[in-house]
Amino acid sequence: MAIASINPATGELLEEFDALTDAEVESRLATAARVAVEYRGTDVAQRAHGLRSAADILDAEVDTLAGTMTAEMGKTLSASKAEIAKCAKGLRFYADHGADFLADEAADAGAVGASRAFHRYQPLGVVLAVMPWNFPLWQVIRFAAPSLMAGNVGLLKHASNVPRTALYLEDLFTRAGLPKGAFQTLLVSSSQIEAILQDSRVAAATLTGSEGAGRAVGRTAGEALKKVVLELGGSDPFVVLPSADLEKAAQTATTARCQNNGQSCIAAKRFIVHQDVYDDFIAKFVARMGEQKVGDPTDESTAVGPLATEQGRQDVIDLVDDAVAKGAEVLLGGTVPDGPGWFYPPTVIAGITEEMDLYAEEVFGPVAAVYKAADLDEAVRLANVTRFGLGSNVWTTDPDEIERCIDDFEAGQVFVNGMTTSYPELAFGGVKDSGHGRELTRHGMHEFCNLKTVWVG
Ligand SMILES: O=CCCCC(=O)O
């Protein structure tokens, strides 16, 4: 796939970039390895200062940067601005808490016959990040802030459709005062990743993206015995039980499904509704979904912009067509609008059965699959039926039902009477085919640290 910015709202090619040559990749790897030695010796206050400066730059440049992001991948301008604000918050979070997260942890010296025993967190070195286009700034900052704060240096292989944002990120950290080379963007194709990851100067990798990409990077990292964090797809359940506030649940379900034009790994995708409130909830949900204005992502009144790529939209069309051909019922949407751009309308589909691809696959577009559950047992079974296990949501006021869902949902995260959202203050990641490892909080920072055990006799 060419490395190019193409406006998804119009299909217009904005700019094309050449991939780095092997010699250019070599030179950047050499820089990363050299700077890693220097950077690990910097003190945490200096690193925190760099992260705060990066946050200040984001605040100052929010309008132009939001325009770049929206033009490259189609999220609404207001969503781009919110993402940038979230990144500034994430940078400041690690600047504020990094020293605490990295502090030595005392162990019971007496129990191990030592005069002193403790654990120290040290950087691993060069970390390769393979990142997706859907949150083109946040997914990178989510890795970069804790990793740079811990004293690692970063190499970014971003998705091929967001090169302008990718280049901005390298520039951001350099202008923020980090040593030149502490964070580098590699404009390379996916086929160049394997050799980069195998290179002995790269210590570890983190990938957010598709299951296929995750398996490929996981295989290479495994073969090379390198640490890897994988944050892959999701087909999150949104369970609605009889005691729920149905109006609020329908509103939140709509936001959860349509956020980022329907392209989020933690978007609720399967809506599992207790039979006693099914008709009522579905009527409210279809009404809310139908109110979402689809159109120009730079228009403030637009709720749902285009899908990011032509192929992405085709994948959604194929999943919906397959379900309809096998008997599913379209309650809303399902028809591609005429005109330029890769738009797809908010869509609600019922009657999904196991034979349909929609039953098992992640839909990366504003398509909600609704299921009727006879009782809580069936709701939990349907919630867990997918091979994914990223986020999950349940709506109920019954304490026993809440406990049951917290315990039994096979997911990295459970949100009760809300929608799955990432915060620097909460650990983020999945189980099953949604990947492994955690991002954010102290846990995300520690993923790329050598936890060194120290015993002093
Ligand atoms: O595709 C993954 C979306 C993650 C969004 C977030 O971290 O908020």
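Indexing begins at 1, ligand by ligand and atom by atom, following the structure's order. Atom set for the values below is all heavy atoms of this structure, side chains included, hydrogens, waters and symmetry mates excluded.
Aromatic ring pairs are classed by plane angle as parallel below 30°, tilted from 30° to 60° and perpendicular above 60°; the pair His446 and Phe101 is perpendicular.
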For ligand 1, list every N/O pair with the protein closer than 3.5 Å, one pair per line with the distance.
unit_1, atom_1, unit_2, atom_2, d
ligand 1, 1 (O), Asn134, ND2, 2.8
ligand 1, 1 (O), Cys265, N, 2.8
ligand 1, 7 (O), Trp138, NE1, 2.8
ligand 1, 7 (O), Arg142, NH1, 2.5
ligand 1, 7 (O), Ser422, OG, 2.8
ligand 1, 8 (O), Lys86, NZ, 3.4
ligand 1, 8 (O), Ser422, OG, 2.6

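Remark: Glu15 pairs with Arg164 by the salt bridge (charged side-chain N to carboxylate O under 4.0 Å, His left out) rule, at least two apart or across chains. By the ring pair (Phe, Tyr, Trp, His ring centres under 6.0 Å) test, Phe173 pairs with Phe183, sequence neighbours left out.
The cationic atom of Arg142 (NZ for Lys, CZ for Arg) lies less than 6.0 Å from the six-membered ring centre of Phe428 and within 45° of the ring axis.
Sorted by first and then second residue, the pairs that involve residues 2-11 and meet side chain to side chain donor-acceptor pair (under 3.5 Å), not counting sequence neighbours, are Ser5-Glu72.
The structure places CZ of Arg92 at 5.0 Å from CG of Asp56, a figure rounded to the nearest 0.5 Å.
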